[in-house]
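Here is the structure we will look at, set down as structure tokens.
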Amino acid sequence: MEERILDILEVSRNNAINLKDIYKKSGYTNYTYEQFLETIDELKEKKLIYCVGGDNYTLNPFVEGIFHIKRNGDCYVSYDNKTININKEYKKTCFEGDKVLARITDFNNNTGTIKKIIERKGIIAEVKTINKERYAVIGKDMYKINLDDKIVDGMLIGIKIDKTKEGKYYRATLDTIIGHKNAPKLEENKILYANNFTIGFTEESLKELDYIPASVLEKDFNGRRDLRDKMIFTIDGDDTKDIDDAISIDILENGNYKLGVHIADVTNYVKENSKLDLEAREKATSVYMPGVVSPMYPPQLSNGICSLNPDVDRLALSCEMEFDKQGKLITFDIFKSIIHSNIQMTYKKVNKILNENIVEKDYEKYVEALNKMEELAKILRNSREKRGMLNFDLPEKKININENNEVESIELRLQDTGETLIEDFMLAANETVATYIYNMGVESIYRIHEYPDEERLKNTLTILKTYGVDINIKVNMADPKVIQKILKELETKENKDIFIQMILRCMAKAKYTTQKEGHFGIGVDSRKGEYYTHFTSPIRRYPDTTVHRVLHLILNGEFDKLMQDLYKSKLEEIAIHSSNQEISAEKCEKQANKYRMAQFMQNNIGEQFIGKINGFTKNGMFIELDNLVEGRMGFETMDDYYNYDEELQIIIGERTNKIYRLGDTIEVTLTRSDPENYEIDFEPIKKIDNKVKKVKQNGNTK
């Protein structure tokens, strides 16, 4: 009956319905009106429906969520893996990150207003002593605050502003200590705090480390399969210290491949609801910024006993899978294990072996295993591509920091053979574990990816047509092979990276949930009994840690706990929070990148560069230089009044009829580089002479 009532209200959406009409539309003749009213009361208690007056009801329009402001000024509230758009006029005095109560005023257009601010997000202030009084200062605003003497002037702190006044100043309370304004890498701490991440670890959680051993104990062998004699190794980046995954391979007598993916068993050391666990749950993810890592667990764990370091025993959860020569999964086994990694390989050295047959010292005895792994990885990738896995193949920017905490260079991080191999194996393990958990009939966290936005995709294809890229294809959002064909068409086009990025923006964002759905981007279809989760990075992602706990309960036969409603609701809460924190971590990375790029360019003010237009807004364009630095050029700085045609993604000069398009090369002068505000500004060059400084790929001007 509950679902039927909600369905009826969903159809009416914005319009309230009288109770008697809801009862009639329900069609439940075996339900008395009294029983129906009891169900209504239960739905009200669960806050799923709302009485607008008298006996008239709608879906509950009130939601608690986090307020956000986009760069263009648009506002929205994120809640339960959903968003609602907020008209700027109705945002009250909200700031980015505030927890708010919003009311959906139009379900059809997904718009609403802010009813009240539930909790202010902490803001960053500097400590100053004025006339023997302590103040938290933000620009020209000052707040009275009580602080310990160890917090000296010049310290940056996070504060919460009180509603109470003392004299002419509002009071504030200390939320966290960020660091002294002259401390190295302070900016990264500011970015973390501004995006809802706690900095460091509390003394309480660090004390728990005293009870965690530095090496594997003999008692930990109980109930584990001993794989220490097996050839197992890791492949990671040159500077990786937190190693989640190790791999192994065997060729069976029937010619099939037996792939082993062995994942650090973090939950053996971090007990559920301990201080370490609760802090990790709140962070939900490690955050990676240029030269800085903010780990989810303290380094003593993430780089120590939990990391699958070489030449030491480590506890793991292993997933061994048998694949035939077509990439079909024949059988699998998931179990608790103890492993001993033989070597910590790097992607660079593995790629030399697989691409150039150049074998570095200490890698000789692993060449055959690596070749077999490459063989299997290609089979698995080919199999996934046949079923619809998408490969956007967009390189990421990597900002290299030197010993003096300065930007040394900016380069493209390409995914080569070794990186692809590891990705293919992790995908296989994640899918196998998810499908296993689903078939066991217990609740867990899944990683899902919904269908793309059809209207946006059609609009993007129309824009591409104006750029001479005419893709004649019938759009079917349920079939990832449609996107595959589009990406294949773009492979040979000039400015393909810009066009592929446009297609990527049409995609939904992957998220964590307890809903048993598929993953569009990987071609995992729940209608075919296929599921996907994150299992392979428990050191860096809390959902993976949670999936490990679910697996432990299954392997231990503790199904009662898994079937409890309390456990189910906790899983959904973890999934929603982790999805939000993942978005926040991405913001941290983007802001840190912008900060470093602006820092990198500060000594080049007034110099001229060549770049490429890679995006437009209503008031300006984004330009990427040859050294991969990106900045903005406002239309007001240009030689004409330019109108932006959003449908065609071009700008046209009113007087000159000059047209600028995506991918156009443009000569610019760097006029401003502001690290604190993460901004770089360009203007068109003044044509005094024709000399324009070209920029090398590594960022040095020449």
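Just so you know, these numbers use all the heavy atoms, side chains as well, and skip hydrogens, waters and symmetry mates.
Side-chain polar atoms of Lys612 and Asn495 form a donor-acceptor pair below 3.5 angstrom. No side-chain donor-acceptor contact under 3.5 Å links Tyr76 and Asn85. Judged purely by distance below 3.5 Å, without hydrogens or angles, the side chains of Asp242 and Ser307 never pair a donor atom with an acceptor atom. A side-chain N or O of Asn400 and one of Ser409 form a donor-acceptor pair less than 3.5 Å apart. Looking only at atom types and distance, the side chain of Glu636 has no donor-acceptor partner in the side chain of Tyr641 under 3.5 Å away. With 3.5 Å as the limit, one finds no donor-acceptor pair spanning the side chains of Tyr532 and His449.
No donor-acceptor distance shorter than 3.5 angstrom exists from the side chain of Ser302 to the backbone of Ile539, with no hydrogens or angles considered. Judged by distance alone, the side chain of Tyr512 and the main-chain N or O of Ile448 form no donor-acceptor pair under 3.5 Å. Between the side chain of Ser383 and the backbone N or O of Ile379 there is no donor-acceptor pair closer than 3.5 Å.
For the atom pair NZ (Lys458) and CG (Asp453), the distance works out to 10.5 Å, reported to the nearest 0.5 Å. The distance from the SG atom of Cys588 to the OH atom of Tyr288 is 13.5 Å, given to the nearest 0.5 Å. Between the CD1 atom of Ile124 and the CD1 atom of Ile157 there is a distance of 10.5 Å, given to the nearest 0.5 Å.
For the pair Asp238 and Lys348, the salt-bridge criterion is met [side-chain N within less than 4.0 Å of a carboxylate O]. A salt bridge does not link Arg632 with Glu679: none of the charged nitrogens is closer than 4.0 Å to a carboxylate oxygen. Ion pairing between a basic and an acidic side chain is recognised when a charged N comes within 4.0 Å of a carboxylate O; Lys511 and Glu450 show such pairing. Between Glu582 and Arg447 there is a salt bridge, with a side-chain nitrogen of the basic residue lying less than 4.0 Å from a carboxylate oxygen of the acidic one.
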Acceptor/donor pairs from residues 481-493 side chains to any protein atom, 3.5 angstrom cut, sequence neighbours excluded:
| residue | atom | partner | partner atom | Å |
| --- | --- | --- | --- | --- |
| Lys481 | NZ | Lys386 | O | 2.9 |
| Gln484 | NE2 | Glu385 | O | 2.7 |
| Gln484 | NE2 | Met389 | O | 2.9 |

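With sequence neighbours excluded, no residue forms a salt bridge (Lys or Arg N to Asp or Glu O under 4.0 Å) with Glu406. With sequence neighbours excluded, the residues forming a salt bridge (Lys or Arg N to Asp or Glu O under 4.0 Å) with Lys509 are Glu586, listed by chain and number. Residues forming a side chain to side chain contact (heavy atoms under 4.5 Å, CB included) with His577 (at least two apart in sequence, or on another chain): Glu282, Ala284, Gln581. The salt bridge (Lys or Arg N to Asp or Glu O under 4.0 Å) test applied to Arg381 returns Glu423, Asp424, not counting sequence neighbours.
Between Phe499 and Tyr467, the angle of the ring planes goes over 60°, which puts this pair in the perpendicular group of the 30/60° scheme.
Screening residues 650-672 for ring-ring contact (aromatic ring centres under 6.0 Å, His included), with sequence neighbours left out, gives Tyr642-Tyr660.
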